[in-house]
Number of protein chains: 2
Amino acid sequence: MPVTIQDVAREAGVSVSTVSRAFTVPDLVKDETRQHVLHTAERLGYRPNRAARGLITGKTGNFGVIVPDLSNPFFPTVLKGVQARAREADYAVFLADCDENATEEIALVQAMAKQVDGVILCSSRMSPSQLERVVGTTSLVFINRQVRDHPAVLMGAAGGMRQAIDHLAALGHRRVAFLNGPKASWSNRERRRGLRHSARYDMEIVELGPFAPRFEGGPHAADLAIAEGVTAIIAFNDLLALGVMSRLADRGVSVPEEMSVVGFDDIPMAGMATPPLTTVAMQNERAGRAAVDLLVNLLTVSGAEAGDLRRELDCQLIVRASTGVPARS
Amino acid sequence: MPVTIQDVAREAGVSVSTVSRAFTVPDLVKDETRQHVLHTAERLGYRPNRAARGLITGKTGNFGVIVPDLSNPFFPTVLKGVQARAREADYAVFLADCDENATEEIALVQAMAKQVDGVILCSSRMSPSQLERVVGTTSLVFINRQVRDHPAVLMGAAGGMRQAIDHLAALGHRRVAFLNGPKASWSNRERRRGLRHSARYDMEIVELGPFAPRFEGGPHAADLAIAEGVTAIIAFNDLLALGVMSRLADRGVSVPEEMSVVGFDDIPMAGMATPPLTTVAMQNERAGRAAVDLLVNLLTVSGAEAGDLRRELDCQLIVRASTGVPARS
DNA sequence: GTGAAAGCGCTAACAT
DNA sequence: ATGTTAGCGCTTTCAC
């Protein structure tokens with residue numbers, strides 16, 4: 001029932017090779033013939049079967065993306081960028097959600113491998129040894145994870161973290177909590193690194209956690225932070241920050257008058273809908289696009305010298321409301 | 001470089017047909033042989049090439065999902081359900097974002113068609129005539145869209161809307177605004193329908209919009225609603241509601257003391273992080289799973305009699321905080 | 001119960 | 001510039 005290349009060839013009165021060439025190497029067929037073939041194909045509603053094509057070329061025109069958890073709004077924003085860029089580059093994308101489970105993640109890469117030219121691993125939860133096992137299965141590009149010299153898009157936290165610290169310091173905060181995210185998370189290490197790098201003699205940092213990077217992790221984290229007597233909280237991400245704020249409200253601690261809260265990630269909605277939450281905006285969508293660029297480049301280029309394999313994106317503090325209230329200290 | 005069925009056959013000392021059978025029709029090969037083959041395959045790390053298989057069977061083991069906008073947090077939650085159920089049924093999923101653009105949507109369906117066994121169209125933005133054009137391209141299952149007798153998962157709004165209306169009435173509200181979403185949206189029609197169906201003699205409904213179902217649409221909507229002198233606002237969805245609340249805060253109108261706000265969709269974060277927002281929770285994840293069930297059923301069953309083609313999910317009002325403040329009226 | 005061979009839709013040599 | 005042929009990795013008759 002589907003229209004094949006044979007059908008088009010027969011209808012157009014040429015050989016299949018000519019039809020094939022009209023699509024893949026247009027320059028090799030006479031202008032007039034090509035027009036005719038293309039027109040016939042259009043009329044018949046022919047669309048090349050990429051799977052069949054891939055069988056012989058070894059290229060599928062697809063790639064995969066694996067994210068830890070779709071219900072974490074951070075990932076859809078990255079995906080949005082991936083999607084947009086993928087279509088521009090004429091790639092179709094397989095999506096999978098590994099549910100924060102490294103074993104699942106491996107299985108998914110392997111399941112996808114044969115149907116894709118490469119896979120983008122978003123905030124991979126795999127251990128280094130697990131990672132080694134999948135490397136080589138297919139072309140890999142990482143987002144927010146550094147694996148030896150593999151291509152990666154890294155969303156740095158140094159700039160945003162420094163801004164956050166300076167901001168809080170300027171408001172008079174002297175004792176601040178940092179709520180750790182997942183310990184296997186590169187982003188968490190990166191944020192801690194930024195934190196240490198921005199250390200100030202006049203500010204004490206209390207590290208808490210790790211906590212699940214979700215709303216549900218917030219309440220407990222808030223209780224611990226309050227018990228520590230801090231006047232400001234820097235949460236691993238917005239979701240956690242939101243959970244924290246919810247608990248603070250329940251306990252009658254007002255933000256930002258009594259407690260300043262800072263979150264990471266760019267979930268514009270979070271900060272906009274909850275103005276006292278100050279956030280460090282990440283360039284999620286751009287990261288998604290960059291990852292596709294890297295992958296396409298990797299697959300296109302001769303291979304040996306693949307140009308820059310690493311893309312670093314920075315981030316920026318966004319103060320939406322009156323976090324500008326000095327700590328009572 | 002990849003391990004093929006040939007490699008396994010050679011290594012196991014059997015023919016390719018036997019290997020193939022060991023995987024697809026295990027009963028047809030002797031127990032002992034099968035064990036040996038499967039073991040060898042495992043050892044070599046062989047994974048059948050689904051594309052090649054699909055070429056001959058006509059089934060790819062993949063399906064596609066198209067959503068209007070990944071940055072609308074409603075869709076990722078549905079996707080989460082789709083993903084979970086897809087993996088259980090051993091399907092891989094193609095994802096595409098049509099950017100609220102019907103023309104894109106058509107193109108995406110056609111582009112996917114050859115690589116999938118079916119497509120799930122989530123809140124399709126296509127016009128009826130556009131829809132007719134893609135029907136027949138591949139098996140289609142709709143979410144929140146009714147197209148003749150095509151399989152669909154419908155998230156009804158009647159129950160939730162009635163609860164919302166009764167709730168607001170009980171609080172003493174007599175003049176309530178409904179902020180319309182996209183006019184091509186089935187969900188919007190469904191919600192309006194629920195609204196009319198729940199009409200009360202003691203309550204006046206002011207319809208406004210349509211507005212984009214996004215945070216950005218809220219501020220303007222809020223201004224119009226205030227100008228209309230309503231004491232409560234029912235927004236098409238949570239995103240819009242959040243935008244409304246943001247504007248209300250800017251204008252010094254406190255929620256819920258001076259204005260009650262109700263949103264739709266299940267973006268748990270929205271209501272949890274912003275307690276004065278009352279929401280009607282939809283069963284997004286379940287809808288995603290149901291859609292996959294429908295599709296799998298459609299592809300598996302003999303075809304003629306495909307069982308139930310429609311799944312209706314209901315919704316429920318969630319009052320998280322003190323919306324329980326009577327209108328001053 | 002197992003093997004040999006044909007062929008799915010397509011592209012890439014190799015002719016012409 | 002175009003046609004012919006041989007497969008890509010797999011399933012599926014058809015023999016044995």
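None of the values given here were measured: they were computed from a predicted structure.
When the side-chain nitrogen and oxygen atoms of B:Thr33 are compared with OP1 and OP2 of C:dT2, one or more of them lie within a distance under 4.0 Å.
Without hydrogens or angle criteria, A:Arg145 side chain to A:Ser124 main chain gives a donor-acceptor distance under 3.5 Å. Side chain of B:Thr18 to backbone of B:Val14: no donor-acceptor contact under 3.5 angstrom is found.
Which of C:dC10, D:dT4, C:dG3 sits closest to the side chain of B:Val14 comes down to C:dG3. Each of D:dC8, C:dC8, C:dA5 was ranked by its minimum atom distance to the side chain of B:Val16; first place goes to C:dA5. Nearest to the side-chain atoms of B:Thr18 among the listed nucleotides D:dT11, C:dC8, C:dG3 stands C:dG3. Nearest nucleotide to the A:Ile56 side chain, out of D:dT11, D:dG7, D:dT4: D:dG7. Closest to the B:Lys30 side chain, of the nucleotides C:dT2, C:dG3, C:dT11, is C:dT2.
Residue A:Tyr46 is classed as a sugar-phosphate contact, given heavy-atom separations below 4.0 Å to backbone atoms only. Residue A:Thr4 is classed as a sugar-phosphate contact, given heavy-atom separations below 4.0 Å to backbone atoms only.
With a 4.5 Å cut-off on side-chain heavy atoms, B:Ser123 and B:Trp186 do not count as touching.
A tilted orientation is assigned to the rings of B:Phe63 and B:Tyr91, their planes being inclined by 30° to 60°. Relative ring orientation between B:His150 and B:Phe142 is described as perpendicular, the plane-to-plane angle rising above 60° on a 0-90° scale split at 30° and 60°.
Between the CG atom of A:Asn49 and the P atom of C:dC8 there is a distance of 13 Å, rounded to whole Å. In this structure, A:Arg10 atom CZ and C:dG9 atom P are separated by 11 Å, rounded to whole Å. One can place CD of A:Gln115 at 13 Å from C1' of D:dG9, the figure rounded to the nearest angstrom. Taking atom CD of residue B:Glu32 and atom C1' of nucleotide C:dG1, one finds them 12 Å apart after rounding to whole Å. The nearest whole Å value for the distance from the NZ atom in A:Lys114 to the C1' atom in D:dC10 is 11 Å. One atom, NE2 of A:His36, and another, P of D:dT2, lie 12 Å apart when rounded to the nearest Å. The CG-P distance, from A:Leu55 to C:dG7, rounds to 17 Å in whole Å. Residue B:Ile5 contributes atom CD1, which lies 19 Å from atom P of C:dG7 at whole-angstrom precision.
In terms of polar N and O atoms assigned as donor or acceptor, the side chain of A:Thr57 never comes within less than 3.5 Å of the base of C:dA12 in a complementary pairing. Side-chain to base pairing of A:Arg21 with D:dG3: one donor and one acceptor N or O lie within less than 3.5 Å of each other.
Remark on DNA chain C: of its neighbouring residues B:Ala52 and B:Leu28, the 5'-side contact belongs to B:Leu28, judged by nearest-heavy-atom nucleotide.
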